[in-house]
There are 2 protein chains.
Amino acid sequence: MTDIKSGINPLFLREEDLRQGIELLYFAYRDFTAEPDAILAEYGFGRAHHRVIHFVGGNPRITVSELLAILNITKQSLSRVLSHLVREEFIIQQEGKQDRRQRLLELTASGVALERRLSESQRRRFADAYRNAGAEAVEGYRKVLMGMISEEDRERVFGPKSAEDE
Amino acid sequence: MTDIKSGINPLFLREEDLRQGIELLYFAYRDFTAEPDAILAEYGFGRAHHRVIHFVGGNPRITVSELLAILNITKQSLSRVLSHLVREEFIIQQEGKQDRRQRLLELTASGVALERRLSESQRRRFADAYRNAGAEAVEGYRKVLMGMISEEDRERVFGPKSAEDE
DNA sequence: CATATATGTCAACATGACTGACATAAAATC
DNA sequence: GATTTTATGTCAGTCATGTTGACATATATG
C-alpha cells in the first residue's frame with residue numbers, strides 16, 4: 001500500500017522513514033509551542049489566544065468570520081478567547097465601514113508588543129534551524145509541508161498576495 | 001531580530017519567510033491529525049489515546065515511566081487513557097521479569113489493528129507529500145525539523161534507532 | 001417587506017492537560 | 001532486617017479549549 005503505485009518505490013517511502021517523518025512533526029510541533037506557552041501563561045493566556053494574536057497580527061482588519069475560517073473552530077470557542085483579548089486591550093474591534101455588521105479586528109499597541117514577543121521566540125527557533133540546515137533544506141521543508149496541508153488552507157493562507165475586499 | 005550575526009543574512013531568514021515556516025508547521029500539524037481524530041472517535045478515543053498507541057506500538061514492552069518520558073505528561077494524565085486502552089483490550093500490561101514493579105506495555109491484536117489503521121492514514125499523507133516533493137526535499141524536511149526539536153527528544157527518540165546526519 | 005448574513009450569547013458537555021495528596025509493592029541500600 | 005527509593009496507581013479538584021444547540025440583534029440584500 002505504501003509501495004506499488006508507479007512501480008517505483010523510493011527508499012524514503014519505507015515505512016520506517018514515514019514513521020520518522022510523523023514523529024518529527026509531532027515532536028517539532030510540541031517543542032515549538034513550548035516557549036510561547038510559557039510566555040502566554042504570564043498573561044493568563046493560552047495557546048488559543050496565541051493563534052488569534054498571530055492571525056490578527058498578520059491580517060489587520062480581518063473579520064470575525066475570516067478568522068473563524070482560518071482557525072477552523074466554532075464562534076463560541078473563538079468568542080471566549082477573543083472577548084478576553086478585547087477586554088484586556090490586546091485587540092480592538094472596529095465597525096466595518098461598508099458593512100456595519102462586521103467587527104474588524106486589529107492588534108492594539110500592547111497586542112503588537114505581545115505578538116512580537118511570541119513570534120520572536122518562534123522565529124528564533126526557525127532561524128536557527130533554517131541556518132543550520134541550509135537554503136536547500138529549507139526549500140525541502142517547505143515543499144513537503146506544503147504538500148501536506150489541505151488545499152483550502154494552502155489557498156487561503158499561502159495563496160493570495162493581492163489585497164481584496166473591504 | 002531577523003538578525004545580522006555572522007554578517008551574512010540569507011534570504012530565507014527574512015521575517016516573512018520565517019513566518020511562513022511557522023504557519024506551515026501549524027497547518028500541517030492540524031491537517032495531519034484530522035483523519036486519525038475521526039477514526040479514533042469511532043472507538044470513543046481521542047488524540048491522547050493515539051499517542052499512547054503509537055509509542056507503545058513502536059516500542060513494545062515499554063515501561064510506564066519510559067512512556068511518560070516520551071509523552072512528557074503526568075502519570076495522572078496518562079493513567080486515564082492507558083487504563084481505558086487496557087480495559088478495552090487494545091493494550092496489555094505484563095509484569096516485568098527483572099523488576100516486578102514494572103508494567104511492560106504492549107499492543108494486543110486489536111491494538112495492532114488500530115495502530116495500523118491510524119498510522120496508515122498518516123503514512124499515506126506523508127508518502128504522498130514525500131513523493132511529490134522528492135528525495136532531496138525529504139532530506140531537507142528532516143534536517144530542518146530535526147534541528148527544531150529538543151536535544152532530549154532527539155536523542156531519546158531518534159538517537160538509538162538510526163544514526164542521524166553528519 | 002422578507003430573508004439571509006455577521007456577530008454575539010447562554011448553557012451544557014467532553015477531552016486532556018494540570019496540581020497535590022496518598023497508597024502499595026518491590027527493589028535497592030544501609 | 002530495617003529503611004529508603006522507585007514504579008506504578010488512584011482520588012479529587014481545576015483549567016483551557018474544543019464541541020453542540022438554541023436564541024438574539026443589527027444590518028444587508030433581494
Side-chain angles (χ1 to χ4, degrees), chain A residues 26 29-30 33-34 36-56 61-88 91-105 165-166, chain B residues 26 29-30 33-34 36-56 61-88 91-105:
Chain A
Y26 167 64
Y29 187 77
R30 194 176 73 180
T33 50
D37 282 354
I39 296 169
L40 290 155
E42 291 174 28
Y43 298 77
F45 294 152
R47 206 173 285 183
H49 299 82
H50 187 182
R51 287 177 193 143
V52 171
I53 287 174
H54 176 92
F55 288 109
V56 171
R61 301 184 66 74
I62 190 175
T63 67
V64 171
S65 15
E66 282 165 350
L67 186 55
L68 283 173
I70 291 175
L71 294 174
N72 211 24
I73 58 175
T74 59
K75 64 179 174 177
Q76 295 91 329
S77 297
L78 174 59
S79 169
R80 196 166 18 208
V81 291
L82 182 54
S83 49
H84 190 183
L85 287 165
V86 170
R87 207 181 323 122
E88 308 225 339
I91 287 182
I92 36 163
Q93 299 178 295
Q94 295 171 282
E95 203 172 65
K97 275 159 198 165
Q98 272 93 335
D99 188 335
R100 285 176 31 236
R101 292 170 302 180
Q102 298 179 333
R103 295 297 129 87
L104 307 180
L105 306 174
D165 57 334
E166 197 268 335
Chain B
Y26 167 64
Y29 187 78
R30 193 177 74 179
T33 50
D37 283 354
I39 296 170
L40 289 155
E42 291 175 27
Y43 298 77
F45 294 152
R47 205 172 285 182
H49 299 82
H50 187 182
R51 287 174 194 146
V52 171
I53 287 174
H54 176 92
F55 288 109
V56 171
R61 301 184 66 73
I62 191 176
T63 67
V64 171
S65 14
E66 283 165 350
L67 186 55
L68 283 174
I70 291 175
L71 294 174
N72 210 22
I73 58 175
T74 60
K75 62 179 176 179
Q76 295 91 327
S77 296
L78 175 59
S79 170
R80 192 169 5 179
V81 290
L82 182 53
S83 50
H84 190 181
L85 288 166
V86 169
R87 206 181 323 121
E88 308 226 340
I91 286 182
I92 35 162
Q93 299 178 296
Q94 299 175 73
E95 204 173 62
K97 276 157 196 166
Q98 276 97 331
D99 188 334
R100 285 173 34 233
R101 291 171 303 181
Q102 299 179 334
R103 296 296 132 86
L104 307 180
L105 307 174

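Lettering follows sequence order; numbering is per chain, from 1.
Side chain B/Arg103 to base D/dT8: no donor-acceptor pair is found below 3.5 Å.
Judged by closest nucleotide on DNA chain D, B/Arg80 is the one of A/Leu78 and B/Arg80 placed further toward the 5' end. If you find the closest nucleotide of DNA chain C to B/Thr74 and to A/Gln76, the one lying nearer the 5' end belongs to A/Gln76.
Taking 4.0 Å as the cutoff to heavy atoms of chain B, we find the contact window on DNA chain C bounded by C/dG16 to C/dA27.
Remark: A/Gly46, A/Arg47, A/Ala48, A/His49, A/Arg51 in residues 41-53 of chain A come within less than 4.0 Å of DNA chain D through at least one heavy atom. Within a heavy-atom distance below 4.0 Å of DNA chain D, the residues of residues 62-72 of chain B found are B/Thr63, B/Val64, B/Ser65.
Overall bending of the helix from C/dC1-D/dG30 to C/dC30-D/dG1, expressed as the angle between end axes built from five pairs apiece, is 20° (10° steps).
Looking at heavy atoms from C-beta onward, A/Gln102 lies out of side-chain contact with A/Val64 at the 4.5 angstrom threshold. Using a 4.5 Å heavy-atom cutoff, the side chains of B/Ile70 and B/Ile62 are in contact. Under the 4.5 Å side-chain criterion, counting only non-hydrogen atoms from C-beta, B/Val56 is not in contact with B/Leu82. The side-chain heavy atoms of B/Arg51 and A/Tyr26, taken from C-beta on, include a pair separated by under 4.5 Å. Looking at B/Thr63 and B/Arg103, their side chains never come closer than 4.5 Å, going by heavy atoms from C-beta outward.
The nearest whole Å value for the distance from the NZ atom in A/Lys75 to the C1' atom in D/dT20 is 12 Å. Whole-Å rounding puts the A/Leu82 CG to D/dT17 P distance at 13 Å.
Atom CD1 of A/Ile91 and atom CG of A/Leu104 lie 12.5 Å apart (nearest 0.5 Å).
Within 4.0 Å (heavy atoms only), A/Glu95 reaches no atom of the nucleic acid at all.
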Are A/Val52 and A/Leu67 close enough, and set up right, to give a side-chain contact (heavy atoms from CB on, under 4.5 Å), and what steps lead you there? CA-CA 8 Å; A/Val52 171; A/Leu67 186 55; 4.2 Å; yes

Report the C-alpha distance between B/Leu78 and B/Thr74 in whole Å, list the side-chain angles of each, state the deciding distance to 0.1 Å, and finish with yes or no for side-chain contact (heavy atoms from CB on, under 4.5 Å). CA-CA 6 Å; B/Leu78 175 59; B/Thr74 60; over 6 Å; no

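For residues 70-84 of chain B, no pair satisfies salt bridge (charged side-chain N to carboxylate O under 4.0 Å, His left out), with sequence neighbours left out.
Remark: A/Asp37 engages A/Thr33, A/Leu40, A/Arg47 in a side chain to side chain contact (heavy atoms under 4.5 Å, CB included) (not counting sequence neighbours).
In plain terms, the two heavy atoms of B/Glu95 and B/Arg100 that are nearest each other are CG-O, 3.3 Å.
Between A/His84 and A/Phe45, the ring-plane angle classifies as perpendicular under the 30° and 60° cut-offs.
The six-membered or imidazole ring of A/His49 lies away from that of A/Tyr43, with a centre-to-centre distance of 6.0 Å or more.
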